[in-house]
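Values below: every heavy atom of this structure, side chains too, minus hydrogens, waters and symmetry copies. In what follows, chains are A, B, ... by sequence order, proteins preceding strands, each numbered from 1.
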Amino acid sequence: MRQRAAALGASAGAHISTFHSLCVRILRRYADSAGVRPAFTIYDQADQTRCIKRAVKDCDLDPANFPPARMLDALSALKNKLVDADAFAARTDDFFSRMLSRVYLRYQQILAGLNALDFDDLLLKTAFLLEGCPDVRRELSDRFRFLLIDEYQDTNHAQYRIARALASEHANICATGDPDQSIYRWRGADIRNILAFETDWPDATIVKLEENFRSTPNILAVADSLIAFNKNRKPKKLIATRPADDDVLVDAFDDEMAEAEAVARRVRTLIDEGSSCRDTAVFYRVNAMSRLLEEAFVRNRIPYQIVRGVEFYNRSEIRDLLAYLKVLVNPDDEISLARIINTPARGIGKITIDRVRSFAVRNGITLYAALKKAEAVESLSGKVKDRLTGFVKMLEDFKDYITGPVAPLAERIFQESGLAQSLAAGAGKDDSALENVNELINAAAQYDLNTEEPSALDYLQQISLFSDADAYDPAGDRVALMTLHAAKGLEFENVFIVGAEEGLLPHEKSNGREDEDELEEERRLLFVGITRAKTRLQISHAKYRTVRGQTLRTIPSQFLFELGSGFSESPEEDDYPDQADEPPRPIPAFVAGQIVRHKTFGLGRVKKFVDMGQNSIVVVTFNTGQTKSLMVKYAGLSKVQNT
DNA sequence: GTAGTTGTGGTTTTT
DNA sequence: CCACAACTAC
């Protein structure tokens, strides 16, 4: 989480840390009381997915009916509410929750066996520790005598309970935040935390920060107009203190290439006029959009940085290298072990692994311990045994270096494991992999320099919690490219927001689901992006966009119609087909539940109708299973009689 | 048994 | 379009 819990200790100096990092430090220090082993590995989403798949399988459930992503979301929601597996088991009522409960119990068993904690466990275990051990709570409360929590609107219930426990002894707690900037509801952030702060701490002084020193009135007007469309909010007025300046621009481009190129050229112009690169940022909804922009910036010779925190650590070459480190630090981490045992290929296949695993189970030892005793596994050929012992020996040799600087160890692993060689062999098609590895090793070297007693364990636990905030380098004079989420808390003279299209912003995954809440969160996301801009703001969309290899005509984001009138449209003619030729026709209204037919997608059911006159949008779930946003005037939908 | 090949399916945001 | 899973050829 981005919000930081800063604790100001009189003698120790101020600590600035994210909630999760604080939890890691607490859990390591009070491991016994918290019921964890200190060398735990922190599992991210990919690792969690592997574990939950295994848990679902162990419970004899069909992954088709119990999709891993769904299950993880459900477990995460429970953990964020501090409902552990046992507590949940006691309160299941329907079939699904009974199955979920079994998966939950099994999942926790698996993680415990691997000596791993997921992100939610870090919070849950810390909260339980603080609430269950008064001694620990008092000690920490005394150590952190003043508590300041930023971005409080994005705290979840577990974080709330941790903060409450830490402040319980002294009540020196200060929280800052803005409910209109809550963009992590999907991750369990509970807006009630900030709304209820005054009731939780009755003596608290409330300071409203309504004056905005950052943005021009032009930008604030657009932000204000947009966010006012959210029904579920406390109205608030932003008061501009700066004089009016340039108009906000809303631009339409032919396709995503043209959009990226136009943005790059406009940035080029700003730079030529004397603006620093660091003063400009480009925001997008999904990481996948960064590539086109990157290419455009290269073409226009503009220095840029792609701010990617988590994204970087999802790269397979990075995951491979880190998996080696994880296994060295925590041999129980079979998820990482499974990843590296045949990466790069060294002739250890699935069947071999299964045999060693069953040997491990029979003898009640871990997979790694079984690998060490590979000689004793009868079902293996001598050749295979040799490969296994060679692999284990390599790891054991690396182990000599797990305390001490990390960069040399990472370099050594990269070379001696064969990763370097296999990367070089596959090069040509993608030379960025080697670059990424070098970046990782450089970052490790930086860690070594900044840390008194560097170790692989400490390094791994730190980078697992690496955030987008850490990824942004304000020192470099480069244009920043990042997702709207990553933009939170930052500000720039010039801001470009691209891809303001239905399905992208708001994202289709959050359109018309359950209720309006998800749409409102998308609106807040754009609001956050807009309010990052100090002086110049350009929001754009492409008329055609290629997604997954298919070029489709897009629909401008409904949010563009909610910006009020305080902006200039692009001078280009709006050349959507049909519009010029045909006189405006009355737009038919749809209601949710209405069955409709589309010439390409066939039959579907209306999920939602957004009445915007000529620009009305209808969201339809088609029988093919896909949900699409369509502009009524182009969709050619016909209403079908409900039977 | 392993490794390369074809096929399927799913597909945001991040700690 | 990409990652992964089952499949087939060594």
*Asks:* Are any side-chain N or O atoms of A:T531 and backbone N or O atoms of A:F527, one a donor and one an acceptor, separated by less than 3.5 Å?
*Replies:*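 Yes.
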*Asks:* Between A:Q48 and A:K350, which has a closest nucleotide on DNA chain B that is more 5'?
*Replies:*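 Of the two residues, A:K350 wins.
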*Asks:* How would you label the contact of A:E521 with the nucleic acid (heavy atoms, under 4.0 Å): base, sugar-phosphate, or nothing?
*Replies:*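 Answer is nothing: A:E521 stays at 4.0 Å or more from every strand.
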*Asks:* Indicate whether OP1 or OP2 belonging to B:dT14 is found under 4.0 Å from a side-chain N or O atom of A:N314.
*Replies:*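 Answer no for this pair, as no side-chain N or O of A:N314 is under 4.0 Å from OP1 or OP2.
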*Asks:* Got a sec, which residues hit side chain to side chain donor-acceptor pair (under 3.5 Å) with A:R523, two or more places apart in sequence or on another chain?
*Replies:*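 Side chain to side chain donor-acceptor pair (under 3.5 Å) list for A:R523, sorted by chain: A:N230, A:E562.
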*Asks:* Is it the case that A:R187 places NZ or CZ above or below the six-membered ring of A:Y184, under 6.0 angstrom from the centre and within 45 degrees of the axis?
*Replies:*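 Cation-pi check for A:R187 and A:Y184: passes.
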*Asks:* Please classify the nucleic acid contact of A:K383 as base, sugar-phosphate, or nothing, using heavy-atom distances under 4.0 Å.
*Replies:*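 Since no nucleic acid heavy atom lies under 4.0 Å of A:K383, the category is nothing.
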*Asks:* Answer yes or no: does a side-chain N or O of A:R346 lie under 4.0 Å from OP1 or OP2 of B:dA3?
*Replies:*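 It does not, given that no N or O in the side chain of A:R346 lies less than 4.0 Å from OP1 or OP2 of B:dA3.
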*Asks:* Of all the choices, B:dT14, B:dT12, B:dG1, which nucleotide is nearest to the side chain of A:I351 once you look at every atom?
*Replies:*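 Nearest nucleotide to the side chain: B:dG1.
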*Asks:* Without decimals, in angstroms, what is the distance between A:F283 CZ and B:dT12 C1'?
*Replies:*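 About 17 Å, once rounded to whole Å.
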*Asks:* From the list B:dT2, B:dT13, C:dC4, which nucleotide is the closest neighbour of the side chain of A:R387?
*Replies:*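 Taking heavy atoms from C-beta onward, the closest nucleotide is B:dT2.
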*Asks:* Taking the C1' atom of each, how far is C:dC4 from B:dT13, in whole Å?
*Replies:*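 Approximately 23 Å lies between the C1' atom of C:dC4 and that of B:dT13.
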*Asks:* CD1 of A:I341 versus C1' of B:dA3: gap in Å, rounded?
*Replies:*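 These atoms are roughly 16 Å apart.
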*Asks:* If the cut-off is 4.0 Å, is A:T483 near the phosphate of B:dT14, judged by side-chain N/O to OP1 or OP2?
*Replies:*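 Yes, because at least one side-chain N or O of A:T483 sits under 4.0 Å from OP1 or OP2 of B:dT14.
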*Asks:* Output one line per pair: protein atom, nucleotide atom from nucleotides 7-9 of chain C, and distance, for all N/O pairs under 3.5 Å.
*Replies:*
none

*Asks:* Quick one: A:Y184 OH to B:dT13 P, roughly how many Å, whole number?
*Replies:*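 The answer, rounded to whole Å, is 11 Å.
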*Asks:* Is the side chain of A:E259 donor-acceptor paired with the backbone N or O of A:G499 at a distance under 3.5 Å, no angle test?
*Replies:*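 Here the side-chain-to-backbone pair exists.
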*Asks:* Report each atom pair, protein N/O against N/O of nucleotides 6-11 of chain B, whose distance is under 3.5 angstrom.
*Replies:*
residue: B:dT11; atom: O2; partner: A:R548; partner atom: NH1; Å: 3.3
residue: B:dT11; atom: N3; partner: A:R548; partner atom: NE; Å: 2.6
residue: B:dT11; atom: N3; partner: A:R548; partner atom: NH1; Å: 2.4
residue: B:dT11; atom: N3; partner: A:R548; partner atom: NH2; Å: 3.2
residue: B:dT11; atom: O4; partner: A:R548; partner atom: NE; Å: 3.1
residue: B:dT11; atom: O4; partner: A:R548; partner atom: NH1; Å: 3.4
residue: B:dT11; atom: O4; partner: A:R548; partner atom: NH2; Å: 2.4

*Asks:* Side-chain donor-acceptor pair under 3.5 Å between A:S557 and A:E501, yes or no?
*Replies:*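 No, no side-chain donor-acceptor contact under 3.5 Å.
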*Asks:* Over all strands shown, is A:T546 touching base, sugar-phosphate only, or nothing at heavy-atom distances under 4.0 angstrom?
*Replies:*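 Here A:T546 touches no strand at all.
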*Asks:* Any donor-acceptor pair under 3.5 Å linking the side chain of A:D517 with the backbone of A:E520?
*Replies:*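 No, A:D517 side chain to A:E520 backbone: no donor-acceptor pair under 3.5 Å.
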*Asks:* From the list B:dT12, B:dG1, B:dT14, which nucleotide is the closest neighbour of the side chain of A:D468?
*Replies:*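 Between B:dT12, B:dG1, B:dT14, the one nearest the side chain of A:D468 would be B:dT14.
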*Asks:* Tell me if a side-chain donor or acceptor on A:R532 pairs with a main-chain N or O of A:L490 at a distance below 3.5 Å.
*Replies:*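 Indeed, once roles are kept as given, a pair shorter than 3.5 Å links the two residues.
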*Asks:* Kindly determine whether A:F283 and A:F496 satisfy ring-ring contact (aromatic ring centres under 6.0 Å, His included), including the steps that lead there.
*Replies:* CA-CA 6 Å; A:F283 305 148; A:F496 295 81; 9.6 Å; no
*Asks:* Hey, is the side chain of A:N342 poking within less than 4.0 Å of OP1 or OP2 on B:dT2, counting only N and O atoms?
*Replies:*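 Indeed not, no polar side-chain atom of A:N342 lies that close.
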*Asks:* Given salt bridge (charged side-chain N to carboxylate O under 4.0 Å, His left out), test A:R291 with A:E294 step by step and report yes or no.
*Replies:* CA-CA 5 Å; A:R291 231 184 80 184; A:E294 183 172 18; over 6 Å; no
*Asks:* Looking only at the side chain of A:R285 (C-beta and beyond, no hydrogens), which of the listed nucleotides B:dT14, B:dG1, B:dT13 gets closest?
*Replies:*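 The nucleotide sitting nearest to the side chain is B:dT13.
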*Asks:* Contact class for A:I348 (heavy atom, under 4.0 Å): base, sugar-phosphate, or nothing?
*Replies:*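 Counting heavy atoms under 4.0 Å across all strands, the contact made by A:I348 is with sugar-phosphate only.
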*Asks:* Hey, is the main chain of A:T546 close enough, under 3.5 Å, to the side chain of A:E256 for a donor-acceptor pair?
*Replies:*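 Checking the backbone N and O of A:T546 against the side chain of A:E256, a donor-acceptor pair under 3.5 Å is found.
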*Asks:* Quick check, does A:W186 stack with B:dT13? I mean ring centres under 5.5 Å and planes off by under 30°.
*Replies:*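 Here the ring of A:W186 and the base of B:dT13 are stacked, with centres under 5.5 Å and planes under 30°.
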*Asks:* Between A:R355 and A:D44, which has a closest nucleotide on DNA chain B that is more 5'?
*Replies:*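 Looking at the nearest nucleotide for each, A:R355 comes out on the 5' side.
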*Asks:* Please state how far atom CE in A:M482 lies from atom C1' in B:dT12, giving the value in whole angstrom units.
*Replies:*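 Roughly 18 Å, once rounded to whole Å.
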*Asks:* In whole Å, I'd like the distance from the CD1 atom of A:I42 to the P atom of B:dT14.
*Replies:*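 One finds 19 Å between P of B:dT14 and CD1 of A:I42, rounded.
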